[in-house]
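Below, chains carry the letters A, B, ... as their sequence lines are ordered, and counting in each starts from 1. Keep in mind that the numbers below use all heavy atoms, side chains included, and drop hydrogens, waters and symmetry copies.
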Amino acid sequence: MMLDKVYEPQRFEPRWAQWWVEQGLFRASVEAPGPVFSLVIPPPNVTGSLHIGHMLEHTEIDVTVRWHRMRGYNTLWLPGTDHAGIATQMLVERALAEEGLDRRKLGREAFLERVWAWKERYGDTIKRQMIRLGASCDWSRERFTLDPGLSRAVRETFVRLYEKGLIYRGEYMVNWCPRCQTALSDLEVVHDETPGNLWYIRYPVIGMDRFLVVATTRPETMLGDTAVAVNPADERYRDLHGKRVLLPLMNREIPVIVDELARPDFATGVVKVTPFHDPNDFEAGRRHNLPKIQVIGETGAMTAEAGPYAGLDRFEARRRVVADLEQLGLLEKIEPYTVSLGKCQRCKTPVEPLVSIQWFVRTKPLAEPAIRVVEEGRIRFIPENWTKTYFEWMYNIRDWCISRQLWWGHRIPAFYCADCGHTTVARQDPQACASCGSPRLEQDPDVLDTWFSSALWPFSTLGWPDDTPDLRKFYPTSLLITGFDILFFWVARMIMMGLECVGDVPFREVYIHGLVRDAERQKMSKTRGNVIDPLEVTEKYGTDAVRMSLLLGAAPGTDIVLTEERMLSARAFANKIWNAARFLFLHMERCGVQPWLPPVNAPRRPEPAAPDGSAWLEDRWMFSRLNRVTDAANRAIARYRYHELAQLLWQFFWHEFCDWYVEIKKLRFRENSGLNADWRNLLTIFEAGLRLLHPAMPFITEELWQRLAANQSERPVSIALAPYPQYDAAGDDPEAERQMELVQEIVVAARNLRTTLQLDPRQTLDAVLYSPDLAADLAESHREIIERLAGIRLEIQREGRPTPGPAVRSTPEFDLLLRIPAAQSDAQRRRLEKEIQRLEKLVASSQAQLDNEEFLRRAPAEVVASLREKLADYKAQLAKNREALAALSQ
RNA sequence: GGGCGGUUAGCUCAGCUGGUCAGAGCGUCUGCCUUACAAGCAGAAGGUCAGAGGUUCGAGUCCUCUACCGCCCA
């Protein structure tokens, strides 16, 4: 039963982590009783390791999951990982590069073998980390987005959507990453404000002796211009409608078109049109049937169409184009201009918009029902303001480019006929063309955007498209906890796909957590070098402490600041619990008390333990407090107010249980008492406290609980399966709380006097309590407690009041006098003056309000009454303090 | 350009439906190694809740404007 003197979580946390998994404690069952609570993990990237943001996410999930499990829900937390197409492929390619290889040299099959080997090697890291961090998930249901079952779901979805016309293939403007050499979706492009220039270029007008000056941020694309545009409303250029200009450098004649594309208020109001390399120009090109000329290729080098610039890198080409224009006198001016430069989310290479044949999801028809379910409240976002962000995006949603020119991922199940060109999209690899029967089929080489499979995650992991028991039982999932950064990438798409494929929402609530930041409120990133490694800090402070410090900062809608100091203080809290337990166990041994767990339905009120057959005040108080804290804790978790939960339990355990309750209980221990009512009360509180704390700090609570539970047969195998305490109105004891507060006030008054008078804390002092009523009664009946905690000998005076003086502390209920030989009056005078000032202010402001007739007429009666009461108190205290000060001045 | 959020004690932040909301942790100061815990105990100091105006009997709390700082989308 004895605990080590120092709290060393490293000694027991890994053991319990392992044990939970081995025991299959968190395995869900479709047969299990109880209401269902299910949640799928936002699958981390398979090749990565977990960072502190994951730990926050997993802690919040785990708290909620453990809480539901303890409340008797049939609970599933399904874990797994994502193949993370581009991200993973990039890593492996980088490794290959170090060997002087590249994927093309290796070939598709060999390359994929390498990626799988990589996945096998690093894929377990995440699982190991999660287990170590105490995540209570069901490992028997672990999934990976490239698992055969999930791949089948992907294929099924693709085929269905294709058959419904919701997936199509076509030539459109896409974002192209010249380094990754693949198309990207709009979301995978990040925009950076970058200093650039606006180059003003003169285009000679055919048949006129003038120039049209065009401003552009990308002069190299002019090589692909097929028109220049002016606004129809722009009077300045009315005479140029229908004219042609000569494209400099290329010496090609191109038309002047009239289009809204040109904004009269921007630069010269004339814009060049490059349909192949700009999304707006692409649209304009369509409107005017302009030819498209590709001057920049897939690697970022200029194409043959770029004439003399062919083969140059696009940025080099820019320099040369500018220089050449300058030489020809066709460069009017250069202005500095900040551009929003699109970059590849993964490799940060500037993206090249270009026209390409790709696969797309038609999103509008999918978005409509997805908007509706949120409007109807069938899915709720917490915090609520994310709803608006969600709607904004959904209303303006654009088709989703889903094909990627990668090898790592789900291959697009489209087969092209070499003979008739027909496209066959099928659930099974076709042997012959669906149109002409030719066997000469070739599968599309591309794979799907990694988010395509993620979008199916809540149901593909449960066995869809089959109608499995898991799917029936656990879909829709109850809750999703994730970060705002993937609201569009993932959350929105899951909603669309869930509704489309399964016909129901994928989850009912979405809790969006904040970002973990460092002490300077900086985002954590590898390049900044301020990342906190979960395993490292876990090793250093203990998992429970790190979890606790994350939770303490996790107020909904705010970012989480995590610092060493925070983790340090959370560890101090864990240490406090540890020592409280050590103390209890020590005294249990001395008193001859065996490990004991209170019965499951422990009473809400304490057992009478006092000699007169009544219950001790401290027991009544503590049971009542426990009951209220229980209420608050349950409500906090239910509302995702994790910081409140953490703060609440911290306050309760440390500053109520340890600071007061245990201190008082020291009076009650008797040698060889055995398991008496005192012990049963104490252990009932402590054990319930452990259960309250378990979702937040699973390890220390399991460790301590198991010791209490030792050798007892009638009990759950783990605290994780024990019931979470529930509020019971019958457990409130407001009278005990009021009385205890008064006892505390007396003790604090004595301590306060002692310190302000700078008296030896070890010396027992004589004190007199003056009170006509309640305080005197309480002091009488709880003399022992007060004397012990305050270090005084107490005398009680029911009549009269002390001569005001430096050693008197006054409250509305009582006056307390410390008998001391000679008072240090200076300190006392300062204290009194300050107190008088404070009270005068309070009296003045309450008086003013009470003099306000409007207030008296319109404020609720009890507000007015309570203010009157307060004013009376303030006045009484003020009088006492003034007397004291006067006495001091004599 | 559109949207969202922030500005409360030296620091990092809570403060949910306006009326014990002026709080917590850390830090600071004073005193204690009181045998569960110095990773501790006891006590204390510290804020005109960014600024201005408004609504209200009453405003960190609601509204408007201003300043500064973030984030997202185009």
Side-chain angles (χ1 to χ4, degrees), chain A residues 3 5-7 186-187 189-191 279 340 342 383-386 388-389 391-393 396 398 484-485 487-488 514-515 517-523 541-542 545 548-549 552-587 635-636 639 641 643-644 646-648 650-651 654-655 658-659 662-663 666 747-763 788-791 827 831 834 845 848-860 862-864 866-867 869-870:
Chain A
L3 293 180
K5 185 156 166 63
V6 279
Y7 167 65
D186 295 336
L187 285 178
V189 177
V190 291
H191 293 268
S340 174
E384 216 172 344
N385 53 302
W386 288 108
K388 196 166 176 188
T389 309
F391 284 144
E392 283 298 315
W393 192 68
N396 300 306
R398 295 194 298 183
F484 58 82
D485 49 330
L487 185 64
F488 307 142
L515 218 59
R517 295 176 178 276
D518 70 4
E520 277 75 48
R521 297 206 95 259
Q522 295 277 311
K523 221 179 201 167
Y541 303 102
M548 197 65 179
S549 44
L552 276 164
T558 65
D559 287 340
I560 289 91
V561 174
L562 187 67
T563 61
E564 297 275 329
E565 292 78 50
R566 265 166 200 266
M567 292 184 276
L568 214 55
S569 82
R571 189 187 58 169
F573 176 61
N575 182 58
K576 186 75 186 177
I577 297 169
W578 183 262
N579 276 293
R582 205 164 81 85
F583 174 80
L584 291 187
F585 295 166
L586 200 81
H587 280 276
R635 278 187 293 138
R639 299 172 61 206
R641 302 183 68 82
H643 69 301
E644 243 172 46
Q647 230 168 57
L648 205 64
W650 182 301
Q651 170 70 25
W654 198 324
H655 299 299
C658 291
D659 288 353
V662 170
E663 287 306 316
K666 287 178 177 172
V747 170
V748 170
R751 286 171 173 172
N752 183 289
L753 278 175
R754 183 194 292 276
T755 339
T756 39
L757 297 174
Q758 297 182 321
L759 301 169
D760 184 350
R762 284 157 300 190
Q763 189 191 348
R788 181 191 169 97
L789 296 187
R831 186 183 70 75
K834 223 169 166 174
S845 74
Q849 199 166 6
L850 285 169
D851 289 343
N852 183 336
E853 281 179 27
E854 281 290 282
F855 171 71
L856 297 177
R857 211 174 64 233
R858 311 185 68 146
E862 60 276 17
V863 172
V864 177
S866 91
L867 189 62
E869 242 169 74
K870 271 190 222 161

Using atom C1' of each nucleotide, how far apart are B:rA36 and B:rC41 to the nearest Å?
12 Å
Is there side-chain contact between A:Asn579 and A:Lys5, with at least one heavy-atom pair below 4.5 Å?
no
B/S/- along nucleotides 15-31 of chain B (protein heavy atoms under 4.0 Å) is SB--B-----SS----S
Rounded off to whole Å, could you give me the CG-to-P distance for the A:Asp485 and B:rG70 pair?
20 Å
Side chain of A:Asn752 only, please: which of B:rG43, B:rA36, B:rC32 is the nearest?
B:rG43
So what does A:Tyr7 touch, heavy atoms closer than 4.0 Å: a base, only the sugar-phosphate, or nothing?
base
Round to a whole Å and report the spacing from CH2 of A:Trp578 to P of B:rA36.
17 Å
Using atom P in both nucleotides, what's the gap between B:rA14 and B:rA74 to the nearest angstrom?
28 Å
A side-chain contact here means heavy atoms from C-beta on lying under 4.5 Å apart; do A:Trp650 and A:Ser569 qualify?
yes
A:Val6 or A:His587, whichever maps to the more 5' nucleotide of RNA chain B:
A:His587
note: A:Asp559, atom CG; B:rC71, atom P; distance rounded to Å ~ 10 Å
Quick check: closest heavy atoms across A:Glu663 and A:Arg788, and the distance to 0.1 Å?
O-NE, 3.8 Å
Round to the nearest Å and state the distance from A:Glu384 atom CD to B:rG5 atom P.
11 Å
For B:rA50 and B:rA67, measure between their C1' atoms and round to the nearest Å.
8 Å
Side chain of A:Arg762 only, please: which of B:rC37, B:rC32, B:rA36 is the nearest?
B:rC32
A:Ala646 and A:Leu552 have their tightest heavy-atom pair at CB-CD2, 3.6 Å
Only counting residues at least two apart or in another chain, list the ones meeting ring pair (Phe, Tyr, Trp, His ring centres under 6.0 Å) with A:Tyr541.
none
How do A:Asn385 and A:Phe484 order along RNA chain B: which one's closest nucleotide is nearer the 5' end?
A:Asn385
In dot-bracket notation, what is the pairing pattern of RNA chain B, taking Watson-Crick (N1-N3 plus N6-O4 or O6-N4) and G-U wobble (N1-O2 and O6-N3) contacts under 3.5 Å, with [ ] crossing and | for other strands?
((((((((.[[[[.)...(...]]]].(((((.......))))).....[[[[[..)....]]]]]))))))).
B:rC72, OP1 or OP2 - any side-chain N/O from A:Lys388 closer than 4.0 Å?
no
Contacts of A:Arg398 that satisfy side chain to side chain contact (heavy atoms under 4.5 Å, CB included) - sequence neighbours left out
A:Asp186
How far does the P atom of B:rG19 sit from the matching atom of B:rG60, given to the nearest Å?
10 Å
Nearest to the side chain of A:Arg751, heavy atoms from C-beta on, is which of B:rA36, B:rG43, B:rC32?
B:rG43
For B:rA44, does OP1 or OP2 lie under 4.0 Å from any side-chain N or O of A:Arg754?
no
Spacing of the C1' atoms in B:rC49 and B:rC73 (rounded, Å)
32 Å
For A:Glu384, which residues count as a side chain to side chain contact (heavy atoms under 4.5 Å, CB included) partner, sequence neighbours excluded?
A:Thr387
Less than 4.5 Å apart, any side-chain heavy atom of A:Gln651 and any of A:Leu648?
no
Spacing of the P atoms in B:rU61 and B:rG70 (rounded, Å):
24 Å
Answer yes or no: is there a side-chain heavy-atom contact under 4.5 Å between A:Glu392 and A:Thr389?
no
Taking the P atom in each of B:rC69 and B:rU48, what is the distance between them to the nearest angstrom?
23 Å
Who pairs with A:His587 by ring pair (Phe, Tyr, Trp, His ring centres under 6.0 Å), at least two apart in sequence or on another chain?
A:Phe583, A:Phe669
Starting at atom CD of A:Glu392, determine the distance to atom C1' of B:rC71, rounded to an integer number of angstrom.
15 Å
Rounded to whole angstrom, note down the C1' distance from B:rA39 over to B:rG27.
16 Å
Measure CG/A:Asp659 against C1'/B:rC41 and give the value in whole Å, please.
8 Å
A:Met548 side, atom CE; A:Ile577 side, atom CD1 - distance, nearest 0.5 Å
7.0 Å
